[in-house]
Amino acid sequence: MGIERREFLKTLAIASGTLAGVSSLKASDKAKLNPDRFGVLSDLTYCIGCRKCEWACNEANDLPNQPLDSFSDTSVFEQMRRPTSEKYTVVNSYADKGLDGGALNVKVQCMHCENPPCVSACIVGALRKHPDGPVTYNASACIGCRYCIITCPFQIPTYEYEKVLTPQVRKCTLCLERTIENEQLPACVEVCPTEAIIFGHREELIDVAHERIKKNPDKYIDHVYGEHEVGGTSWMYLSNQPFNEIGFPELSDNSPAELTESIQHGIFKGFSGPIMLFSLLGIIMKVMKKEEENE
Amino acid sequence: MNNITTLSYEKPRFFTPGVWVITLLASVGLLSLLVRFIFGLGAVTNLDNQYPWGIWIAVDVACGVALAAGGFMTALIAHIVHGKGYKSVIRPALLTATLGYTFVALGVLTDLGRYYNMWHILLPKYWSPNSALFEVGMCVASYLTVLYIEFLPIVVDRFKGRVNLPGMLKTFNGFFERFLKILDVSLKKVMTIFIILGVVLSCMHQSSLGTLMVLASVKVHPLWQTPILPLLFLLSAFVVGFAMVIFESLIASKSFNLKPEVKVLSRLSRFIPILLLIYLTAKLIDMVTRETYVYLFTASLDSIMYWIEIIIGIAIPFTILMFEKYRNNQTWLFTAAASVIFGVVLNRINVYLIGFTPLYVDKPYFPAWTEIAVTVGFISLIILLYRFFALNFPVIEDMEN
Ligand code: SF4
Ligand code: SF4
């Protein structure tokens, strides 16, 4: 879709709430992010599929866990798995997709988007983008509408449907407590034996990623997944296979939040739209009433 | 009511065999509702992490809001544009809207995992102006209040000059009479503001219900996913508002043994083809602009649903209502209104459920019977309450004089 067309549609969209002439269209102010915010780079070609990260994540987040040795069981790879309310991260394995015809393993978790649709969606601000990177959840504010789950472009947040009174939205926290409050590594990064996931400042990680591609152009696909997807994500990937073949959605470089927020703000900025409509209707009502009386 | 003794017309009794069936459905719904609140969402729904929204949102909320549009459409035509001769449909439409929105709110409450936190949307510290859902929530809450205020005169009319408390409470009769009189006078003064406010709030949230799904981006099928979804939702709400007024008025006259108001309804129905044409044009321009016509003939569920929506919801009623002789015919009028309603209901279900495709699906969503029971139960309760109010309050003119 060309820029012109999108602009045209946007303009039409704005006409919808109000029918009144709202002229200016302001994109949302991007969340205030620290320039040296954190991120994670996951180099799929390094991952050996040991699933130690799954174990460490369960430990760190008080999720139900099993002994570490049981994680070497590779039979779980027979099916593609998704994160659940009791598992913030899972590793999936794609046979024959790795280097030298081996398996290619993909760790899945919240991408911690730079302009997260889930945060834009949340009706009460229970989800927030931390200036240092993580997307956090505040259960005590949440009303449980699950709109965040509807809007996540990576289908990440999960819900505790079986809980009667206090269900929560559950997802990876980027180990906020460990990383930002205690200067530790995220549990999964710390446990990884091959440095397939590395933690650092996002901007530096992007440089590292491009450096690796440059050094090994035959090995890697020339694409850092997450550098630009939906406006960028904190978690990024390097791969030797096209990303759409290993379970990654193909997404545009714009966050869907930008579009909806510009529609919302176009219509409601300073309540100009509704106020105009109100006045317009008021005038029509007056005029028509007069006409009626004159008859 | 015993004050209407001079008439040959006799109000029907509340209970008829049909009403008993509806009462039964309502009870099953209420029981399922009880189970939901005791054992949680997981016990009564098939919702999961792929499909976090089911029919309670798609039908009870999205369709409910659209179908209650009759309230603000008649307010617009009758009060604001001062169209003449529409007086008789205002109160029935208002009753439907009030009941409809009450149950939209109850539907939301049922679906929320932490329903007891719902009031958070009123607390400034939680306000999230970036969220379309926040806007919908605030508007629905305000509009519901406005609807209750608009409904008050009906209650006042019912009791004015007839306050007759039994026994000990008799002494308060005079007090209540005076209170009602003051209420009556002051309501008449401020009603204009609330009527306009109701229309504004309606336009706001009818469209924002469309914006809601724009944020779901790639998950909604391209046949429906468009930045002008809010405009399309608003236009279709206009159309279905008229259709609902016609539909419910014809049903009410049948069930209360009244002469159908074909003349008024036929005049109302003239607006439908015009609005349908605008709606269809917007849909087509959007389709051509986004080049989504490639999905029209893919023989998938999505394309079939899209076609049904266009043919039954737009083409058929448009054709019927283009002809005056059909507009003046009760059966055709009813058919056209019903197909418009069907089309808009299908559209909302398409956008919220059928066209909603998660990235990774291991099990397609189909509502559990308890989910259906709650939805059917709520609809049944609306019908029962409508009947109760129509029989006991001055809502339908012909029943009063
Ligand atoms: S991946 Fe999903 S849950 Fe995580 S920040 Fe992005 S939108 Fe939110
Ligand atoms: S479920 Fe909770 S966190 Fe998610 S959007 Fe609703 S209120 Fe926000």
Side-chain angles (χ1 to χ4, degrees), chain A residues 1 5-6 8-10 12-13 15-19 28 80 82 84-85 117 120-125 141-147 149-151 153-155 157-159 161-164 166-167 247 249 251 256-257 259-261 263-264 267-268 274 277-278 281-282 284-285 288-289 291-292, chain B residues 38-43 45 47-50 52-53 79-82 111-115 117-118 120-121 126-135 137 192 196-197 199-200 203-204 207-208 210-212 214-219 226-231 233-234 282 286 289-290 358-360:
Chain A
M1 187 157 60
R5 271 188 205 157
R6 186 169 294 139
F8 165 70
L9 288 173
K10 260 190 200 172
L12 266 181
S16 64
T18 60
L19 312 166
S28 68
M80 157 132 85
R82 297 294 306 164
T84 69
S85 57
S120 172
C122 183
I123 179 169
V124 287
C142 176
I143 64 170
C145 63
R146 311 184 300 284
Y147 184 34
I149 310 180
I150 288 277
T151 58
F154 301 98
Q155 199 176 317
T158 58
Y159 202 63
Y161 292 98
E162 66 294 340
K163 286 232 173 117
V164 181
T166 54
L251 299 165
L259 175 61
T260 50
E261 287 176 19
I263 295 175
Q264 281 295 101
I267 298 172
F268 298 110
L277 181 59
F278 192 97
L281 292 174
I284 294 178
M285 198 164 173
M288 297 305 271
K289 208 170 175 184
E291 245 170 46
E292 205 176 43
Chain B
I38 298 176
F39 296 104
L41 284 170
T45 70
L47 299 174
D48 54 29
N49 296 323
Q50 287 115 54
W53 282 356
H79 290 302
I80 298 181
V81 191
H82 280 264
D111 189 78
L112 290 181
R114 294 177 174 231
Y115 45 88
N117 278 348
M118 194 172 175
H120 281 179
I121 65 167
Y126 293 121
W127 282 355
S128 313
N130 283 343
S131 165
L133 190 60
F134 171 69
E135 201 258 310
T192 317
I196 305 182
L197 193 61
V199 176
V200 175
C203 289
M204 284 166 76
S207 55
S208 292
T211 318
L212 222 54
V214 176
L215 192 53
S217 61
V218 288
K219 290 184 186 171
T226 157
I228 66 157
L229 205 52
L231 176 66
F233 266 51
L234 185 65
D286 174 59
T289 319
R290 290 183 306 112
L359 302 164
Y360 317 94

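Convention: sequence-line order gives letters A, B, ...; per-chain numbering from 1. All values derive from a computational prediction rather than experimental measurement.
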Using a 3.5 Å distance criterion without hydrogens, assess whether the side chain of [X] forms a donor-acceptor pair with backbone atoms of [Y].
X: B:N130; Y: A:E261; value: no
X: B:Y360; Y: A:G247; value: yes
X: B:N49; Y: A:P157; value: no
X: A:T151; Y: B:A216; value: no

Heavy-atom pairs under 4.5 Å with chain A, option from B:Y115, B:F134, B:W127 with the top count: B:F134

Nearest non-hydrogen partners of A:V124 and B:S128, listed with the distance: C-OG, 3.4 Å

Rounded distance (nearest 0.5 Å) linking atom CE of B:M204 with atom CG of A:L277: 9.5 Å

Contact class of B:V81 relative to chain A, heavy atoms under 4.5 angstrom: both

B:L197 versus chain A, the contacting section by heavy-atom distance below 4.5 Å: both

For chain B, the option from [options] that forms the most heavy-atom pairs under 4.5 Å:
options: A:I149, A:I150, A:L281; answer: A:I150
options: A:G125, A:S120, A:P153; answer: A:S120
options: A:I143, A:I284, A:V164; answer: A:I143

Contact check, side chains of A:P167 and B:L41, non-hydrogen atoms, under 4.5 Å: no

Pairwise side-chain contact, A:C145 with B:L133, heavy-atom cut-off 4.5 Å (strictly under): yes

Test ring pair (Phe, Tyr, Trp, His ring centres under 6.0 Å) applied to A:Y147 - qualifying residues, sequence neighbours left out: B:W53

Contact origin within A:C122 toward chain B - heavy atom pairs under 4.5 Å: backbone

Side chain to side chain contact (heavy atoms under 4.5 Å, CB included) partners of B:T211, counting only residues at least two apart: A:T260, A:I263, A:Q264, B:A132, B:S208, B:P230

side-chain contact (heavy atoms from CB on, under 4.5 Å) between A:R146 and B:D111, worked out: CA-CA 9 Å; A:R146 311 184 300 284; B:D111 189 78; 2.8 Å; yes

